[in-house]
Enquirer: 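Before we start, here is the structure in question, set down as structure tokens.
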Amino acid sequence: MSRRPIIAGNWKMNMLQDDARALFMGVAKHAEEYTVEQLPTIVIAPVFTSIAAVESMRCSKCRPLVKTAAQNCHWESSGAYTGEISVEMVKDAGCDYVIIGHSERRQYFSETDEMINKKAKAILKGGLLPIICCGETLEQREAGQTDAHITSQIKAALDGISSEDVAKSVIAYEPIWAIGTGKTCDAVEANRVIAMIRNVVKEVAGEAAAEAIRILYGGSVKPSTIEEQMNQSDIDGALVGGASLKADSFNEIIDNTMKTM
Ligand code: PEP
């Protein structure tokens, strides 16, 4: 089965509305030179306060070409959860995807596997798609715990989710030591871990879901690294942080991905 690649830009806590609009337009104008079939699925994830600004720029031509994601959400639909945003609100703002379980949220906001599982279920129930992040620390890698750690993160995140919903979901393997450090994980090793994740998905949700689910690599992806990454058997795209903050580098990642499609 051929899986359509995804190139997703995680803008993290960057940019005010004007900058977000300008960056979105830089990505959208470039995407508009191609058809949906030629492009990978392009997703950008602005901060909550810039989603509406970006949405206001999504014309009928670029809407199918560039999708938007929230960087987080809460699993409850509404209520006394000061500072939180529900799936319905994210959907109402126009998003198609929600990034969950990013290592920065696990590390700085104490997000647990159980919370990530609740978020994944709420996102799918609400008709959006989760981009579920997982990844090991350098200490875990050096102690030979990478596979066991990732396996337990994936099993916990997908617990109780139907095979049909797992098939639609997206996983991003992001070794924590590669995020924002400039140190990209060797493409063959990233592919090995991603193939291992696909086997875990097969175990919990069956072969069809494992074949369909898109599993991305994230961690210092650059225009110069993406082709080798995309030429691996199991890497279905990239979650890009730093290099998604400039239209030129993000568009070059998209161009180099298209060369591999
Ligand atoms: C990320 O934050 O998801 C990420 C992969 O960042 P960077 O590309 O900057 O390493």
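As the structure lists them, so they are numbered: ligands from 1, and atoms in each ligand from 1. Source: prediction; values computed, not measured.
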Enquirer: Got a salt bridge between R192 and D147, using NZ or NE/NH1/NH2 to carboxylate O under 4.0 Å?
Expert: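 Here R192 pairs with D147 in a salt bridge, since their nearest N and O are under 4.0 Å apart.
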Enquirer: My understanding is that a hydrophobic cluster links ILVMFWY residues whose side chain heavy atoms are under 4.5 Å apart, including indirect links. Using that, what else belongs to the cluster containing L16?
Expert: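 ILVMFWY cluster around L16 holds nothing else.
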Enquirer: At what distance is the nearest protein heavy atom to atom 5 (C) of ligand 1, and which residue and atom is it?
Expert: E174 OE2, 3.0 Å
Enquirer: Closest non-hydrogen protein atom to atom 9 (O) of ligand 1, residue and atom name please, with distance?
Expert: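 That would be G242 N, 2.8 Å.
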Enquirer: What part of A178, side chain, backbone, both or neither, has a heavy atom within less than 4.0 angstrom of ligand 1?
Expert: backbone
Enquirer: Counting from 1, what ligand 1 atoms have a heavy atom of L239 closer than 4.0 Å?
Expert: 3 (O), 5 (C)
Enquirer: Among protein heavy atoms, which sits nearest to atom 1 (C) of ligand 1, and what does the distance come to when rounded to 0.1 Å?
Expert: H102 NE2, 3.2 Å
Enquirer: Quick one: do E136 and R141 make a salt bridge, cutoff under 4.0 Å?
Expert: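 Yes, this pair counts.
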Enquirer: Below 4.0 Å, non-hydrogen atoms only: which portion of I179 touches ligand 1? Side chain, backbone, both or neither.
Expert: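 The part of I179 near ligand 1 is both the backbone and the side chain.
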Enquirer: Does the pair E211 and R198 meet the rule for a salt bridge (Lys or Arg N to Asp or Glu O under 4.0 Å), with working shown?
Expert: CA-CA 8 Å; E211 279 303 307; R198 205 175 294 288; 5.8 Å; no
Enquirer: Does S244 come within less than 4.0 Å of ligand 1, judged by its heavy atoms?
Expert: no
Enquirer: Below 4.0 angstrom from a heavy atom of G219, which ligand 1 atoms are there? Numbered from 1 as shown, please.
Expert: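 Per the distance check, 5 (C), 10 (O).
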Enquirer: Could you tell me whether D96 and R58 make a salt bridge, using a distance below 4.0 angstrom between a side-chain N and a carboxylate O?
Expert: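 Yes, D96 and R58 are salt-bridged.
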Enquirer: When you measure from atom 10 (O) of ligand 1 to each heavy atom in G241, A45, C133, G180, which option holds the nearest one?
Expert: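 Among G241, A45, C133, G180, the closest heavy atom to atom 10 (O) of ligand 1 comes from G180.
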Enquirer: Assess whether side chain to side chain donor-acceptor pair (under 3.5 Å) is satisfied between E174 and S103, documenting all intermediate values.
Expert: CA-CA 8 Å; E174 300 207 300; S103 61; 5.3 Å; no
Enquirer: Would you say S220 touches ligand 1, if touching means a heavy atom closer than 4.0 Å?
Expert: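 Yes; S220 lies near enough to ligand 1 that a heavy-atom distance drops under 4.0 Å.
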Enquirer: With sequence neighbours excluded, give me every ring-ring contact (aromatic ring centres under 6.0 Å, His included) pair touching residues 145-197.
Expert: none
